[in-house]
Peer 1: 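Have a look at this one.
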Amino acid sequence: MVQRRCPAIRQHHNQLFPILANMAKLIFGCGYLGLRVARLWKAAGEEVYAATRSSGRAEQLAAEGLRPVVADVTDENWRGEGLPPKLDTALFAVGYDRAAGLPIHSVYAGGLANVLTQLPAKTERVIYISSTGVYGDVAGERVDEDTPCRPTRDGGKASLAAEQLLQASPFTQRSIILRLAGIYGPGRIPRSADLLAGRPIDAPAAGWLNLIHVEDAARIVLLAAERAPLPSLYVVSDGQPVIRGYYYRELARLLGAPPPTFGSPAAESPAAQRAGSDKRIDPARLFSTLSPQLMFPSYREGLAAIVAAV
């Protein structure tokens, strides 16, 4: 059964950080996760700035009641035009757009480096959305915040480089790093079309998946902005790792599709690299410190809600 929503965000914010109330929030990367965070902050009465590369996207963000800032964080000539003079929280949730033709390191580490040089010096909190890809493959073992990072994929290497930049910056004592497991949610349940068509999944049935529903991830960002001690590092998942085969069997059942079949991905392909990253995320620190009450405590509830809404 889906658990109840988190308590009123605004009430917590005012109780815990009364002198910061009414200061601005700033989001770099108002995409799948960032836009949901922006909407939650806006609904709580916060003034929210949203940075985007596109003037067209800026108009869409303005229609949401946000304050758009047109900025390309990968442009070393950007000098912070349009940023508010005072901030309590800056969130860097920039995703990687392969179509942009830039190396992922330039987007994650380079982009964050540019942002850190332009933020108001008294910004109270800087939250970086990282990835559990920083751990690499640990042969199915459990990992937490203290597990050594040995990334093997470019995304994990770039995320770790960005973390290290933040920790070496003047904002190190005001930093929060959230290493997110795989984000899923409406419009983001891969392989649905393959299952419905009876095509094999190009990954082994064995191996662990670690997930967090996008709505829960957004609420965890808000909790971190309100409650997390500084500095902080958390791995973020629902705490219910699932074997890949079980996940796809449940998705097939919900879709009314044939039972899934599995094949071997092409060597060196992104699918092969993902399949080779086998671990179980342990978010005990997150749950003991921030006490998130998940709307979707496992993939079962999350998938059921997504499929039912289609």
Side-chain angles (χ1 to χ4, degrees), residues 13 16-30 33-34 37-38 41 46-53 67 69-96 102-131 134 145-146 149 151 155-180 220-236 285-286 289-290:
H13 190 283
L16 294 169
F17 298 99
I19 63 172
L20 298 183
N22 299 321
M23 290 180 69
K25 304 287 195 292
L26 171 62
I27 300 175
F28 292 91
C30 251
L33 172 62
V37 174
W41 270 332
E46 304 286 1
E47 183 180 32
V48 184
Y49 287 75
T52 177
R53 292 178 302 163
R67 290 176 156 292
V69 177
V70 178
D72 181 352
V73 300
T74 65
D75 182 358
E76 294 182 356
N77 295 318
W78 176 63
R79 292 294 178 264
E81 295 87 354
L83 297 187
K86 294 183 180 180
L87 286 172
D88 63 18
T89 305
L91 170 65
F92 191 92
V94 174
Y96 181 54
L102 295 172
I104 195 168
H105 191 280
S106 298
V107 177
Y108 288 179
L112 181 61
N114 289 341
V115 165
L116 293 175
T117 64
Q118 301 304 328
L119 286 179
K122 294 185 178 180
T123 302
E124 295 291 336
R125 292 187 172 220
V126 179
I127 303 176
Y128 175 63
I129 300 299
S130 187
S131 164
V134 298
E145 293 81 1
D146 297 321
C149 295
K157 293 176 182 178
S159 295
L160 183 59
E163 289 185 14
Q164 293 167 342
L165 277 168
L166 177 56
Q167 291 167 331
S169 78
F171 297 99
T172 181
Q173 295 303 314
R174 290 169 274 168
S175 67
I176 301 172
I177 295 171
L178 302 179
R179 292 175 177 166
L180 266 65
I220 287 169
V221 171
L222 265 67
L223 288 174
E226 298 159 7
R227 299 183 184 178
L230 295 175
S232 289
L233 167 66
Y234 298 98
V235 293
V236 178
R285 179 187 294 180
L286 171 75
T289 304
L290 300 185

Peer 1: Run L180 and I220 through side chain to side chain contact (heavy atoms under 4.5 Å, CB included) and show every step you take.
Peer 2: CA-CA 10 Å; L180 266 65; I220 287 169; over 6 Å; no

Peer 1: First locate atom NE2 of H105, then atom NZ of K157, and finally report the distance between them rounded to the nearest 0.5 Å.
Peer 2: 10.5 Å

Peer 1: List the steps, then state whether salt bridge (Lys or Arg N to Asp or Glu O under 4.0 Å) holds for R125 with D88.
Peer 2: CA-CA 6 Å; R125 292 187 172 220; D88 63 18; over 6 Å; no

Peer 1: If you compare all heavy atoms of L160 against all heavy atoms of C149, which two are closest, and at what distance to 0.1 Å?
Peer 2: CD2-CB, 3.9 Å

Peer 1: What is the minimum heavy-atom distance between Y128 and L166, and which atoms define it?
Peer 2: CB-CD2, 3.9 Å

Peer 1: Go through the steps to decide whether T123 and L26 satisfy the test side chain to side chain contact (heavy atoms under 4.5 Å, CB included), and finish with yes or no.
Peer 2: CA-CA 10 Å; T123 302; L26 171 62; over 6 Å; no

Peer 1: Looking at every non-hydrogen atom in both residues, tell me the closest pair between A50 and C30 and how far apart they are.
Peer 2: CB-SG, 3.6 Å

Peer 1: Keeping the roles fixed (side chain from S130, backbone from R179), state whether a donor-acceptor pair exists under 3.5 Å.
Peer 2: no

Peer 1: If you look at every heavy atom in S175 and L230, which pair is closest and at what distance?
Peer 2: O-CD2, 4.0 Å

Peer 1: Which residue is it: I177, L223, L290? I am looking for the one with a side chain to side chain contact (heavy atoms under 4.5 Å, CB included) to Y234.
Peer 2: L290

Peer 1: Under 6.0 Å from the CD atom of Q118, do we count more than 12 heavy atoms belonging to anything else shown?
Peer 2: yes

Peer 1: Mark yes when over 12 heavy atoms from residues, nucleotides or ligands other than R285 sit less than 6.0 Å from its CZ; otherwise mark no.
Peer 2: yes

Peer 1: The test is side chain to side chain contact (heavy atoms under 4.5 Å, CB included); show your working for K25 and T89 and say whether it passes.
Peer 2: CA-CA 5 Å; K25 304 287 195 292; T89 305; 3.6 Å; yes

Peer 1: So how far is it from L87 CG to Y49 OH, rounded to the nearest 0.5 Å?
Peer 2: 8.5 Å

Peer 1: Is there a donor-acceptor pair under 3.5 Å between the side chain of S159 and the backbone N or O of G155?
Peer 2: yes

Peer 1: Quick one: does any side-chain atom of D72 pair with a main-chain N or O of R53 as donor and acceptor, under 3.5 Å?
Peer 2: no

Peer 1: Take D75 and N114 through the test side chain to side chain contact (heavy atoms under 4.5 Å, CB included) and record every step on the way to the result.
Peer 2: CA-CA 8 Å; D75 182 358; N114 289 341; 5.8 Å; no

Peer 1: For a quick test of reading the model, state the closest non-hydrogen atom pair linking V115 to F92 and the distance between them.
Peer 2: CG2-CE1, 3.9 Å

Peer 1: Grab the two heavy atoms, one from W41 and one from L222, that are nearest each other, plus how far apart they are.
Peer 2: NE1-CG, 3.5 Å

